[in-house]
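Report on one structure; see the data block that follows.
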Amino acid sequence: MKRVAVYAVLVVGAFVSVFPYLMVVFTSLKTAPELNSTAPWLPALPGTLDNFVSLFDGSIANVSFVAYLWHTVLLTVVLTVGQLVFTTFAAYAFARMRFPGRQLLFWAYVATLMVPNVVTMIPLYLIMRQIGWVDTWMGLVAPYVLGSPYGIFLMRQFFQTLPADLEDAARIDGAGTMSILLRVILPLSKPILGTLTILTIVFSWHNFLWPLIISSSDSTRVVTVGIASLQGNLGADYNLMMAGSFVALVPLIVVFLLFQRSIVRSVALTGLK
Amino acid sequence: MLAFLLAPVVIVAVVSLFRWSMLAPPEFVGLANYRRMAGDGTVWHSVAVTALYVLIAIPTQTILALLLALLLNTRLRGIRFLRAFFVIPWMATPVVMGEVWKWIFSTQNGALDAFLGLFGVDPIAWLSSGTWALPAVAAVGVWGGTGYTMLFFLAGLQGIPEHLYEASRLDGAGRVQQFFAITLPLLRPTMFFVLVTSIIGSFQVFDTVFAMTKGGPDDATTVLNFKIYATAFQNFDDGYASALAMLLFGLLLLLTLVQVLYFRKRTTYDYS
């Protein structure tokens with residue numbers, strides 16, 4: 001009985017969560033006249049795949065959707081690898097190592113989270129123009145590839161919950177800092193590393209404002225900017241926009257389902273017991 | 001690396017001391033922008049709107065996320081599949097979701113009014129109502145942020161050793177007792193992280209406001225971040241916008257400091 005109640009609550013919640021996406025799917029399967037003649041939360045049967053076809057067959061001028069998707073994949077891979085490597089090292093240093101100014105430096109990192117995004121874009125763009133990285137891959141990647149204050153904050157919080165005894169024991173066994181990090185800490189950190197990976201993938205996949213500002217040609221354009229341009233070029237073609245954003249969502253859901261495992265694997269299961 | 005991160009802050013601080021528009025050369029005015037800010041009623045209105053937004057969004061989102069994490073942490077059949085549903089909103093493309101939510105809140109064929117109509121509730125003009133526009137925008141924030149916050153609580157819950165629960169069960173503790181004696185205290189680092197980052201995040205809400213209301217009706221949803229955007233990119237008053245940005249920065253710094261002190265005082269963990 002209790003199980004039924006839990007399921008009921010979860011199913012209702014899940015429905016509310018995906019309801020707007022249901023509208024995205026329905027709209028992407030409608031023709032332009034159907035968009036106006038049907039309620040947005042109802043499907044138009046039998047539905048058409050024309051919107052998806054025209055996204056991919058290159059029939060829309062100025063929109064190379066396949067290229068945008070490819071750029072987004074590349075960007076996401078580079079930023080995620082960068083984030084995992086640099087953030088882990090930095091966070092470990094902040095959590096466990098003793099060096100002068102550690103506290104101050106850490107809070108300086110966290111403070112950068114508080115600077116309004118809208119405002120930092122201008123100085124950041126000016127810096128990029130100064131070093132000639134506008135409309136280049138370097139410019140697109142540079143602000144994010146060395147890890148983020150957010151990720152460092154997250155990992156540090158987690159590292160601090162790990163028992164220090166484990167490290168002491170490894171040190172007595174003769175392990176150096178590097179091998180403690182790689183052989184003791186990281187295996188225990190799988191759940192949080194899974195979380196960080198997903199966070200970074202979704203963030204990189206969706207980052208909109210910065211790519212919009214820094215990339216001006218098809219050679220660096222990513223999928224969010226591409227979707228937004230469907231709105232601009234063609235006077236808000238909602239059917240296409242929704243088809244585009246549905247296509248953009250699918251890889252993220254696949255990634256989430258793949259990584260669920262590592263999030264779910266508890267610290268207890270991986271060796272603390 | 002840090003220099004790279006801090007450079008924009010320094011630049012914003014410097015620009016806030018100038019009268020600077022895109023059109024005219026900058027002119028050093030000292031603290032004039034800050035004096036103007038102190039006497040600018042619309043700025044304090046924005047601060048109030050922002051505070052209200054945060055007060056609506058953060059408690060709702062945090063409590064919902066924690067409850068969800070507890071429910072989703074059970075070993076039920078199909079639970080992994082269900083989890084994915086709750087994380088989908090966070091994976092949304094902001095540009096598109098603003099449009100979709102406008103449809104939902106719309107007075108013409110809006111899904112929400114249609115749904116409420118089933119219970120005999122009269123249609124409400126959500127986004128053009130001074131009373132409802134802000135809660136509506138906050139609801140979208142909660143929709144987008146709950147599943148995401150839930151992920152952290154879930155990871156935190158998974159980190160709590162099972163034997164603690166077993167031991168307390170032997171001592172005769174009930175579910176509710178276990179929650180307050182074990183779960184909540186051990187989630188403290190997670191809670192600290194979630195609150196600090198989500199409060200910072202909701203103080204900087206922009207995408208939904210931009211897509212749904214453009215700050216209206218009558219400044220009812222003009223949060224400080226949107227005010228900064230409008231001042232910089234619509235009025236081209238960059239010096240003043242930078243001063244406003246410093247205000248937001250200062251407010252967030254203060255709030256974070258309060259949280260750091262609170263969590264440090266009431267904890268057995270080492271946050272240093």
Side-chain angles (χ1 to χ4, degrees), chain A residues 3 6-7 9-10 13-14 17-18 20-21 23-24 39-41 103 105 108-120 123-124 127 146 149-150 153-154 157 160-161 191-192 195 202 206 208 224 227-228 231 238 241-242 245 248-249 252-253 256-257 260 263-264 266-268 272-273, chain B residues 1-2 5-9 11-12 68 71-72 74 76 80 82-91 93-97 99-101 103-104 109 111 143 147 151-152 154-155 158-159 161-162 189 192-193 197 200 204 206 225 228-229 232 241-242 245 248-249 252-253 256 269-272:
Chain A
R3 184 170 291 199
V6 170
Y7 271 122
V9 170
L10 288 179
S17 287
V18 296
Y21 258 101
M23 292 169 67
V24 169
W41 67 88
Q103 282 286 70
L105 200 58
Y109 264 96
V110 176
T112 62
L113 281 175
M114 302 173 202
V115 189
N117 213 346
V118 179
V119 179
T120 53
L124 208 51
I127 295 172
L146 292 179
Y150 187 83
F153 189 16
L154 173 71
Q157 287 306 101
Q160 285 188 335
T161 65
I192 203 74
T195 308
V202 173
H206 274 145
F208 173 68
T224 45
I227 291 172
Q231 196 178 19
Y238 288 120
M241 233 177 113
M242 299 300 162
S245 59
L249 178 73
L252 289 182
I253 294 178
F256 179 76
L257 287 173
Q260 273 237 82
I263 292 184
V264 166
S266 71
V267 173
L272 272 185
K273 237 172 182 174
Chain B
M1 160 85 196
L2 188 65
L5 283 164
L6 280 179
V9 189
I11 296 176
V12 170
L68 259 182
L71 289 179
L72 289 169
T74 45
L76 292 174
R80 280 175 56 186
L82 268 172
R83 272 184 207 143
F85 279 96
F86 289 95
V87 185
I88 283 178
W90 166 60
M91 299 178 177
T93 318
V95 200
V96 179
M97 280 306 138
E99 288 300 332
V100 175
W101 277 100
W103 294 349
I104 292 176
N109 251 338
W143 172 77
L151 274 183
F152 292 105
L154 200 56
Q158 308 271 337
E162 193 61 38
F192 174 66
F193 175 81
T197 55
I200 291 176
Q204 296 194 39
F206 180 77
N225 209 27
I228 294 169
Y229 165 83
S242 298
L248 181 53
F249 180 62
L252 287 171
L253 210 56
T256 307
Y269 288 94
D270 170 29
Y271 278 114
S272 58

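Here is the naming used below: chain letters follow the sequence lines, and residue numbers restart at 1 for every chain. Bear in mind the structure is a predicted one, so any value in this text is a computation, not a measurement.
- A 4.5 Å side-chain heavy-atom check between A:Leu113 and A:Pro149 finds at least one atom pair inside the cut-off.
- Contact record, A:Gln157 with B:Pro189: NE2-O, 3.5 Å, taken as the closest heavy-atom pair.
- Both the backbone and the side chain of B:Phe249 come within contact range of chain A, each with at least one heavy atom under 4.5 Å from a heavy atom of that chain.
- Looking at A:Leu249, only its side chain comes within 4.5 Å of chain B, counting heavy atoms on both sides.
- Contact detail for B:Val100 and A:Pro20: the closest heavy-atom pair is CG1-O, 3.6 Å.
- Of all the listed residues (B:Phe193, B:Tyr229, B:Phe85), the one sharing the greatest number of non-hydrogen pairs under 4.5 Å with chain A is B:Phe193.
- Contact of B:Ile11 with chain A is made through the side chain alone, with heavy-atom distances under 4.5 Å.
- The CZ atom of B:Arg83 lies 10.5 Å from the CG atom of A:Leu10; values are rounded to the nearest 0.5 Å.
- Residue contact with chain A, scored on non-hydrogen atoms closer than 4.5 Å, involves the side chain of B:Ile228 exclusively.
- Considering only heavy atoms from C-beta on, B:Trp90 comes within 4.5 Å of B:Leu151 through its side chain.
- Heavy atoms of A:Phe153 lying under 4.5 Å from chain B belong to its backbone as well as its side chain.
- Residue A:Tyr150 touches chain B through both its backbone and its side chain, counting heavy-atom pairs closer than 4.5 Å.
- With a threshold of 4.5 angstrom between heavy atoms, B:Val87 approaches chain A through side-chain atoms but not through N, CA, C or O.
- The shortest heavy-atom contact between A:Tyr21 and B:Met91 is OH-O, 4.0 Å.
- Of the inter-residue distances, the one linking A:Tyr7 atom OH with B:Leu71 atom CG reads 11.5 Å to the nearest 0.5 angstrom.
- Interface check for chain B: of the options A:Leu154, A:Val110, A:Val9, A:Val24, the most heavy-atom pairs under 4.5 Å are formed by A:Leu154.
- Heavy-atom distances place the side chain of B:Trp101, and not its backbone, under 4.5 Å from chain A.
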